[in-house]
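Report on one structure; see the data block that follows.
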Amino acid sequence: KQEVTQIPAALSVPEGENLVLNCSFTDSAIYNLQWFRQDPGKGLTSLLLIQSSQREQTSGRLNASLDKSSGRSTLYIAASQPGDSATYLCAVSTTSGTYKYIFGTGTRLKVLA
Amino acid sequence: DGGITQSPKYLFRKEGQNVTLSCEQNLNHDAMYWYRQDPGQGLRLIYYSQIVNDFQKGDIAEGYSVSREKKESFPLTVTSAQKNPTAFYLCASSNNEQFFGPGTRLTVL
């Protein structure tokens, strides 16, 4: 059974720092991996989608990498800002065609001004 | 504007009542999902549907029911059989990349 883990559960950093969020999964037979952002009381916003054949994706200050063989993905945030404060979740889709996702419990990020 | 809408934003249920949460999407996505989110926990899958008139149970389907009569719509009914329904409910749709609605917060009085 696929399990997704995100460490740390919470993180506080000063503004301007570069940071890395981690996502681990137990079954490497994934179809894709997606990173989301969730603000308190809101729905999830899609940040980046990495297909299983890809190694990384970039959007602005965000870069996500995928290493299927080791069961790991990282989300790199450059030059963090207070507006980046949110909970970040990763999710893996394990079977082609069903688009069924397994979510991690998230990392709660606070960027201090 | 393309997206997913959920209504209502807040919902209050009395003991023994069934309530229905609405989810509509205009993204032309085949797959739709319902998740439940409790404080400090990740998202748990209730039901999902890959095509009209077909749906499958997720990990916590007991006490919930769904229908998928139209591609755009995937309503969720929380029945009186669900013993602890107070939670934040999220609807999503996907054609590979998954997108979410704003959520419905359900409280049992």
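We use all heavy atoms of the structure for the numbers below, so side chains are in, but hydrogens, waters and symmetry mates are not. Proteins come first, then strands; the chains are lettered A, B, ... in the order of their sequence lines, and each starts at number 1.
To the nearest 0.5 Å, the span separating CG on B:L43 from CG on A:L89 amounts to 6.5 Å. With rounding to the nearest 0.5 angstrom, the OH atom of A:Y101 is 5.5 Å from the OH atom of B:Y33.
Residues B:Y35 and B:F55 do not share a hydrophobic cluster, defined by chaining ILVMFWY side chains whose heavy atoms lie under 4.5 Å apart. Note on B:M32 and B:F100: separate hydrophobic clusters, where clusters join Ile, Leu, Val, Met, Phe, Trp and Tyr whose side-chain heavy atoms are under 4.5 Å apart, directly or indirectly. Cluster annotation: B:Y64 and B:V66 are assigned to the same hydrophobic cluster (Ile/Leu/Val/Met/Phe/Trp/Tyr, side-chain heavy-atom contacts under 4.5 Å, transitive). A chain of hydrophobic side-chain contacts below 4.5 Å, direct or via other Ile, Leu, Val, Met, Phe, Trp or Tyr residues, connects A:I102 to A:L75. Hydrophobic clustering keeps B:W34 apart from B:V52 (ILVMFWY residues linked when any side-chain heavy atoms are closer than 4.5 Å, directly or through intermediates).
With a 6.0 Å radius and a threshold of 12 heavy atoms from other residues, nucleotides or ligands, B:R44 has its CZ atom above the threshold.
Side-chain contact between A:Q38 and B:Q37: present, with at least one pair of heavy atoms (C-beta onward) separated by less than 4.5 Å.
A side-chain donor-acceptor contact under 3.5 Å links A:Q34 to the backbone of B:Q98.
Pairs of residues two or more places apart, or lying in two chains, that qualify as salt bridge (Lys or Arg N to Asp or Glu O under 4.0 Å) and include a residue from residues 13-37 of chain A are A:R37-A:D39.
Within residues 41-57 of chain A, the residues approaching chain B closer than 4.5 Å by heavy atoms are, in numerical order, A:G41, A:K42, A:G43, A:L44, A:S46, A:L49, A:Q51. Along residues 104-113 of chain A, the residues that come nearer than 4.5 angstrom to chain B, judged on non-hydrogen atoms, are A:G104, A:T105 in order of number. Contacts between residues 17-25 of chain B and chain A, defined by a heavy-atom separation under 4.5 Å, are made by no residue at all.
Contacts between B:L90 and chain A at a heavy-atom distance below 4.5 Å involve the side chain alone, from C-beta outward. For B:R105, the part lying near chain A is the side chain, with the backbone staying farther off; criterion is any non-hydrogen pair under 4.5 Å.
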